[in-house]
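Beneath this line is the structure, given in C-alpha cells, with notes to follow.
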Amino acid sequence: MFTGLIEHLGTVLSIVRDEGGCTLTIGDCGAILGDCHVGDSIAVDGACLTVTGFDKVERGGWFSVWLANETLARTDLGERREGEEVNLERAMGADGRFGGHFVQGHVDGTATVVARVADGDSLRLSFGLADGALLGYLIVKGYVTIDGASLTVTRVDDGQGTFDVMLIQHTQAKITLGKKAVGARVNVEVDMVAKYVQKSVQAALAGNGR
C-alpha cells in the first residue's frame with residue numbers, strides 16, 4: 001500500500017530484456033534505501049515492484065526490480081530509457097502520516113497527455129485514457145494516481161473522454177509529470193474505493209446485495 005506522495009526521483013541505469021520480461025535498475029536513490037531489503041515493495045512510476053537487489057552506496061544507491069510481461073503490457077515502464085527519471089515511493093509505514101490517498105500500486109491502464117496549459121505558477125494537464133471505461137471512476141475533486149503521484153481531478157469530460165489535473169509549482173519540482181510533453185504516456189490508477197462502490201451498487205441493482 002502506498003500514499004501517492006512521491007519520496008524521491010531516481011534515474012534509470014539499465015534495462016535488460018528477455019522473452020519473460022525485463023530487469024530495471026534504478027540509481028541515484030540512496031536516500032530511500034536506508035531500510036531496504038530484498039523483497040521490499042517500491043512503487044516505480046506508480047507500479048508496485050519487488051526489489052531483487054540493491055546497493056545503498058554504489059552509483060548514488062541503486063536497486064533492481066523485475067518487470068513481467070503483464071506489467072510491461074499494462075504500464076508504460078517498457079518505454080523507459082537509460083538516464084530518464086522515475087517517481088519512487090516506498091511502501092507506506094504504519095507509523096507515518098497518511099497524506100495522499102489509498103494507492104495500491106496496481107496500474108489500471110495508461111493515458112496520454114493531450115494538453116499543457118500554464119496557469120500562473122501552476123500547470124494544468126489534460127489526459128486521454130487508453131481505456132475509456134476508467135473515466136467512470138473519475139469525478140471532479142476526486143483522487144487519481146498518475147505515475148504514482150496522488151492528484152486531485154479538476155475536470156472530467158465524458159464526451160471527449162478526457163480529464164484534467166493541476167500541478168502547483170512545488171509538485172512540478174518533485175515529480176516527473178511536469179516535464180511530460182503532449183503525446184507522452186503515463187500510468188493511471190483510479191481510486192480503489194470507487195471500484196468497490198461500483199461493484200456493490202451493481203450487485204444491489206442486480207438483486208445480489210447481501
Separation between [atom1] of [X] and [atom2] of [Y], rounded to the nearest 0.5 Å:
{"X": "Asn87", "Y": "Lys174", "atom1": "CG", "atom2": "NZ", "value": "12.0 Å"}
{"X": "Ile15", "Y": "Thr23", "atom1": "CD1", "atom2": "OG1", "value": "10.5 Å"}
{"X": "Cys36", "Y": "Ile32", "atom1": "SG", "atom2": "CD1", "value": "8.0 Å"}
{"X": "Ile6", "Y": "Thr176", "atom1": "CD1", "atom2": "OG1", "value": "7.5 Å"}
{"X": "Ile175", "Y": "His8", "atom1": "CD1", "atom2": "NE2", "value": "15.0 Å"}
{"X": "Lys141", "Y": "Thr154", "atom1": "NZ", "atom2": "OG1", "value": "7.0 Å"}

Check for me, please, whether [X] and [Y] land in the same ILVMFWY cluster - side-chain distances under 4.5 Å, paths through other members count.
{"X": "Val113", "Y": "Leu135", "result": "yes"}
{"X": "Val188", "Y": "Val107", "result": "no"}
{"X": "Leu88", "Y": "Leu24", "result": "yes"}
{"X": "Val51", "Y": "Met92", "result": "no"}

Between [X] and [Y], does any side-chain donor sit less than 3.5 Å from a side-chain acceptor?
{"X": "Thr162", "Y": "Arg155", "answer": "yes"}
{"X": "Arg185", "Y": "Thr112", "answer": "no"}
{"X": "Asp164", "Y": "Ser126", "answer": "yes"}
{"X": "Asn187", "Y": "Asp45", "answer": "no"}

Could you check if a side-chain atom of [X] sits within less than 4.5 angstrom of a side-chain atom of [Y], using non-hydrogen atoms only?
{"X": "Val197", "Y": "Val201", "value": "yes"}
{"X": "Leu13", "Y": "Ile26", "value": "no"}
{"X": "Val12", "Y": "Val86", "value": "yes"}
{"X": "Val114", "Y": "Phe127", "value": "no"}
{"X": "Asp28", "Y": "Arg59", "value": "no"}
{"X": "Lys180", "Y": "Leu125", "value": "no"}
{"X": "Phe163", "Y": "Val144", "value": "yes"}

(request) With Leu123 as reference, evaluate Met166, Arg116, Gln169 under the side chain to side chain contact (heavy atoms under 4.5 Å, CB included) test and give the passing residue. (result) Arg116
(message) If the test is side chain to side chain contact (heavy atoms under 4.5 Å, CB included), which one of Leu49, Thr25, Val44 qualifies with Phe63?
(response) Val44
(request) Mind running side-chain contact (heavy atoms from CB on, under 4.5 Å) on Leu177 and Val186 for me, showing each step along the way? (result) CA-CA 8 Å; Leu177 188 57; Val186 296; 3.9 Å; yes
Say whether, by atom type as modelled, one donor and one acceptor occur between the side chain of [X] and the main chain of [Y] under 3.5 angstrom.
{"X": "Asp18", "Y": "Gly21", "answer": "yes"}
{"X": "Arg81", "Y": "Glu79", "answer": "yes"}
{"X": "Glu189", "Y": "Gln104", "answer": "yes"}
{"X": "Glu89", "Y": "Ala43", "answer": "no"}
{"X": "Lys56", "Y": "Gly34", "answer": "yes"}
{"X": "Ser200", "Y": "Tyr196", "answer": "yes"}

Compare every heavy atom of [Y] with every heavy atom of [X], then report the nearest pair and how far apart it is.
{"X": "Arg80", "Y": "Asp76", "answer": "NH1-OD1, 3.1 Å"}
{"X": "Ile146", "Y": "Val165", "answer": "CD1-CG1, 4.0 Å"}
{"X": "Phe102", "Y": "Met1", "answer": "CD2-SD, 4.0 Å"}
{"X": "Asp55", "Y": "Leu33", "answer": "O-CD1, 3.8 Å"}
{"X": "Ala47", "Y": "Thr75", "answer": "CB-CG2, 4.4 Å"}
{"X": "Val65", "Y": "Thr50", "answer": "CG1-O, 3.4 Å"}

(request) For the pair Phe2 and Ser150, evaluate side-chain contact (heavy atoms from CB on, under 4.5 Å) and give the outcome as yes or no after the intermediate values. (result) CA-CA 10 Å; Phe2 304 89; Ser150 172; over 6 Å; no
(request) Check whether more than 12 heavy atoms from other residues, nucleotides or ligands sit under 6.0 Å from atom NZ of Lys179, and answer yes or no. (result) yes
(request) Count the heavy atoms belonging to other residues, nucleotides or ligands that lie under 6.0 Å from CD of Gln160, then report whether that count exceeds 12. (result) no
(message) Quick test of your reading of the model: are Asp119 and Arg124 salt-bridged, counting only N-O distances below 4.0 Å?
(response) yes
(message) So that I can tick it off, tell me whether Asp108 and Arg74 are bridged by a salt bridge, with the cut-off set at under 4.0 angstrom between side-chain N and carboxylate O.
(response) no
(request) Go through the steps for Ile168 and Asp121 under the test side-chain contact (heavy atoms from CB on, under 4.5 Å), then give the verdict. (result) CA-CA 7 Å; Ile168 63 173; Asp121 289 338; over 6 Å; no
(request) Go through the steps to decide whether Tyr143 and Val153 satisfy the test side-chain contact (heavy atoms from CB on, under 4.5 Å), and finish with yes or no. (result) CA-CA 6 Å; Tyr143 296 118; Val153 178; over 6 Å; no
